[in-house]
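Quick note: residue numbers are just sequence positions, from 1.
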Amino acid sequence: MDHAEKQDSSLPLAEPAMQIDPVCGMKVPADSHRAAEYEGQRYVFCSDGCLKKFRDDPAAVLATRAQKQATKGSSCCGTDAAVQPIEIGSAASSCCGGHSTTKKSDSPADASAIYTCPMHPEIEQVGPGDCPICGMDLEPKFVDMADHGDDEQYTDMKRRFWVGALLSTPLLVIAMGPMLGLQTANWMSQTVFGWLQLTLATPVVFWCGWPLLVRGVKSFRSMNLNMFSLIAVGTLAAYLFSLVVVLLPGVIPEAFYEDGVAPLYFEAAAVIVTLVLLGQVLELRARQQTGGAIRELMQLAPDTATRISDDGEQEVALNAVHKGDRLRVRPGEKIPVDGRVLSGSSNVDESMLTGEPIPVRKMEGDQITGGTLNQTGALVMEAVGVGGETVLNRIVQMVADAQRSRAPIQKLADVVARYFVPAVIASSILAFIGWAVWGPEPQLAHAFVAAVAVLIIACPCALGLATPMSVMVGVGRGAKEGVLIKNAEVLEVMENVDTIVVDKTGTLTQGRPEVTAVETFGDWNEKDVLKLAAAVEAQSEHPLAQAVVRRAKADGSQTLEATDFDSITGGGVRARVDQHDVLIGKADLLDAEGITDVDAGRAQASSHQSDGATVVFVAIDNRLAAILAITDPIKESTPAALNTLHELGLKVIMLTGDAEPTAKAVASKLGIDEFHAGVSPEDKHNFVRRLKSEGKTVAMCGDGINDAPALAESNVGIAMGTGTGVAIESAGVTLVGGDLRGVAAAGKLSRKTMSNIRQNLFFAFIYNTLGIPLAAGLLYPFFGLLLSPMIAAAAMSLSSVSVISNALRLRAANLT
């Protein structure tokens, strides 16, 4: 019998160790692949730029860093910034190297938190800011359970958009009036006409669009060109050209004139900014929606708790609860934090964790979990896990981390994006030259419009959003079904899994076995055997061991103490009880220990094993005393889950430490494709390795310490949330409810998410492949149409909306 010591079933998620980039001062994970050694010390870096600068002259970099720690310093990689050591409590912004320097933040967000980019998780800094690679607003890396407020970035962008829309609408009407038959010359001069447009456009470009322009300028400083690079160039080109027309009309060449006057593009600049802001608002709103799963999880925890002290009872905020506090939980209240029942008894609804609707009876000494619902009785509990240590908080953090992780397929988009913006700028220049040389009159005016349209329509925001949006929504959808994905790579690998390897106990079965038969040998009677066996098994948390203990208690056996306890991994346990040497385990173990009469026990055991029972052999004083038939009922959901896995084309293999007859009975009943009995933890590990060597993509599903090596070896490890912390830590997927249906849900989720990502990438690539030639004037020779920069901006925004909308469809994905 495999007696694996059960561990805390919480989800262990420790914050990674961080180090300071000596070039720019950014906090970087200590295990970053961007690293260099100097004089026996290892340094890590936030970007390739900082790493190169350090390698060029490490002594100078370290000397400069030491000086900057004492005084506010100068620049990072050529960017003026006050660079200081990053400490908790300070805020941070982006520097060109990657990008973080300290500065004062005007944001009401928590300036002491670690912030990261949802598209580029390698970017981390203390305090809010924007990503130096893609320009996106950073978000807190670690979820605050007390944070239920609105997104400040979303609120700010929405305010800027509405102001831009209010000012751009009359500007557009005035500018486009002549096309609609409105002759502005009849009621205002050309000079007044220009100044009115300038007055309306300036606040739109320089207040509403200020965040966009700042990010664009930063991108050129760091040469991390992105969508904001193109927006800034296109918008400023249109605005500054128009400004010169208004202030110095005489310097504009006549080649730009249309109908005898120099054209104005204020409305294009303003409308472009407004449409880009609309895209940002929709994107931020979508990011809020992708966090719906996290918010639902966070709302499971109550806001307050009732603390019992010497002065009586007092209601306190949840974040004021400390370890060791005594708390009262009344009927109908949610349990505030993880803890242990000190007094009272009640039925507790744990469906938020297990998915099982049947309440669990909790009594003195039992563990209870924060967020679960106390139903019938009053409890007094001791707080054991508070804040970030609670199971609920760790689940929330696991989901948040996974949503920010990157799938390997994202590398394709990254490679394209790296060369895309320079190629677009080159295309814009070529479009300008082509129209200026071969275009119709007014040549330069047409060339200018085409160049700006190419810059605007080619913004790679859709390409950048394609993968992260699908990952965020997919991971959140899985969390709602109790399927916790560790990172995006797991989703991609899970799609290709063709073989599922499952443990039996706790995976296919309920994991709460019961002793169904006791057959004694020699002079021993059932009650005495159970009394001695229970004393030994009480030292173990294995489900089979606890079944023996429960049976002894039910029979009213006297509680005895065991000494000299020894666990034999994968085999059994032994101890000394009441002057008897007791050995419990498999028949092979008893044979190896020289126990007599084992064959007689084997003969009796076969009938129980053929019915699917596990048979445990008990030897007392070197003679077989009894065999215990232990039955672990198959979960009601298991047959349907296995059918779904087969429908997905997956082969299911069962590995178990049970005897051959028991394993065969279970496999036959469930229609499992292949089974192997009597396997040890090492055997499971080696079996998974062999399958991989045969070219199989393997997902291993288990719940115990004995499964951890195989979970780690498999392509995708799937741990039951009801299992040990070691198993959960070794896995890429955790099924909170411990239900095999979650394996099928994970399989469906991975396929739907990866399909969604490919659709998004297709939309993004096709959009840019068609959009750039159209903006450059492809339609003009055939239809006389030249794409307006405003239409280009609208098309660019719609491309992002299409990607976002497609990703949000995953929220309704059917995983059952």
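Scanning both residues, V536 and A575, for their nearest heavy atoms gives CG2-CB, 3.9 Å. Residue E364 comes nearest to L342 through the heavy atom pair CG-O, 3.3 Å, listed as atom of the first residue, atom of the second, then distance. For A562 against V577, the heavy-atom pair with the smallest separation is CB-CG2, 3.7 Å. Residue A305 comes nearest to V321 through the heavy atom pair CB-CG2, 3.9 Å, listed as atom of the first residue, atom of the second, then distance. Of all non-hydrogen atoms in A619 and L590, the two that sit nearest each other are CB-CD2, 3.8 Å. Across all non-hydrogen atoms, the minimal contact from V483 to A746 is CG1-CB, 3.9 Å.
Checking each of K586, R574, R623 against E593 for a salt bridge (Lys or Arg N to Asp or Glu O under 4.0 Å) leaves exactly one that passes, namely R574. For the side chain to side chain donor-acceptor pair (under 3.5 Å) with R576, the qualifying choice from D564, D566, T563, D581 is D581, the only one to do so.
Rounded to the nearest 0.5 Å, atoms CD1 (I672) and OG1 (T638) are 8.5 Å apart. From L628, atom CG reaches atom CD1 of I584 across 7.5 Å, with rounding to the nearest 0.5 Å. With rounding to the nearest 0.5 angstrom, the CD1 atom of I308 is 5.5 Å from the CZ atom of R326. The line from CD1 of I630 to CG of L544 is 5.0 Å long, rounded to the nearest 0.5 Å. Taken to the nearest 0.5 Å, the CD atom of E526 stands 10.0 Å off from the CD atom of E519. Taken to the nearest 0.5 Å, the CG atom of L318 stands 9.0 Å off from the CG atom of L327.
No donor-acceptor pair closer than 3.5 Å links the side chain of D555 to the backbone N or O of A552. Side chain of T516 to backbone of A629: a donor-acceptor contact under 3.5 angstrom is found. Here the side chain of N525 pairs a donor or acceptor atom with the backbone of K527 at under 3.5 angstrom. A donor-acceptor pair under 3.5 Å is formed between the side chain of K362 and the backbone N or O of Q367. A side-chain donor-acceptor contact under 3.5 Å links R477 to the backbone of R811. With S346 contributing its side chain and G377 its backbone, the two residues share a donor-acceptor pair below 3.5 Å.
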**Asked** After noting the C-alpha distance and the side-chain angles of V743 and L735, does the key distance pass the side-chain contact (heavy atoms from CB on, under 4.5 Å) rule?
**Response** CA-CA 8 Å; V743 179; L735 308 180; 3.6 Å; yes

**Item:** Derivation and outcome, side-chain contact (heavy atoms from CB on, under 4.5 Å), residues M494 and I718
**Value:** CA-CA 10 Å; M494 187 70 192; I718 303 176; 4.0 Å; yes

**Message:** Between V652 and V502, does the side-chain contact (heavy atoms from CB on, under 4.5 Å) criterion hold? Intermediate values first, please.
**Reply:** CA-CA 7 Å; V652 182; V502 297; 4.3 Å; yes

**Message:** V573 vs Q539, test: side-chain contact (heavy atoms from CB on, under 4.5 Å). Steps then yes/no.
**Reply:** CA-CA 9 Å; V573 291; Q539 307 295 315; over 6 Å; no

**Asked** Are K684 and D503 close enough, and set up right, to give a salt bridge (Lys or Arg N to Asp or Glu O under 4.0 Å), and what steps lead you there?
**Response** CA-CA 9 Å; K684 290 182 181 180; D503 181 38; 3.2 Å; yes

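Put simply, the side chain of L740 does not reach to within 4.5 Å of the side chain of S637, judged on heavy atoms. For the pair V616/V548, no side-chain contact is recorded, criterion being any heavy-atom separation below 4.5 Å from C-beta on. No side-chain heavy atom of S714 sits less than 4.5 Å from a side-chain heavy atom of V501. In this structure, the side chains of E514 and R550 come closer than 4.5 Å at one or more pairs of heavy atoms. Side chains of T644 and R741 form no contact here, defined as non-hydrogen atoms less than 4.5 Å apart. You'll find the side chain of L749 stays beyond 4.5 Å of the side chain of E481, heavy atoms only. A 4.5 Å side-chain heavy-atom check between T656 and T614 finds every atom pair outside the cut-off. Counting heavy atoms from C-beta outward, I595 and F617 have side chains that stay 4.5 Å or more apart.
For E313, the CD atom sits in a packed shell: over 12 heavy atoms of surrounding residues, nucleotides or ligands are nearer than 6.0 Å.
Partners of Q609 by side-chain hydrogen bond (donor to acceptor under 3.5 Å, both in side chains), not counting sequence neighbours: none found. Listed by chain and residue number, nothing satisfies the side-chain hydrogen bond (donor to acceptor under 3.5 Å, both in side chains) test with T376 (two or more places apart in sequence, or in another chain). By the salt bridge (Lys or Arg N to Asp or Glu O under 4.0 Å) test, E333 is found to be paired with R330, residues two or more places apart in sequence or in another chain being considered.
Salt-bridge annotation for D325 and R307: present, with a side-chain N of the basic residue lying under 4.0 Å from a carboxylate O of the acidic one.
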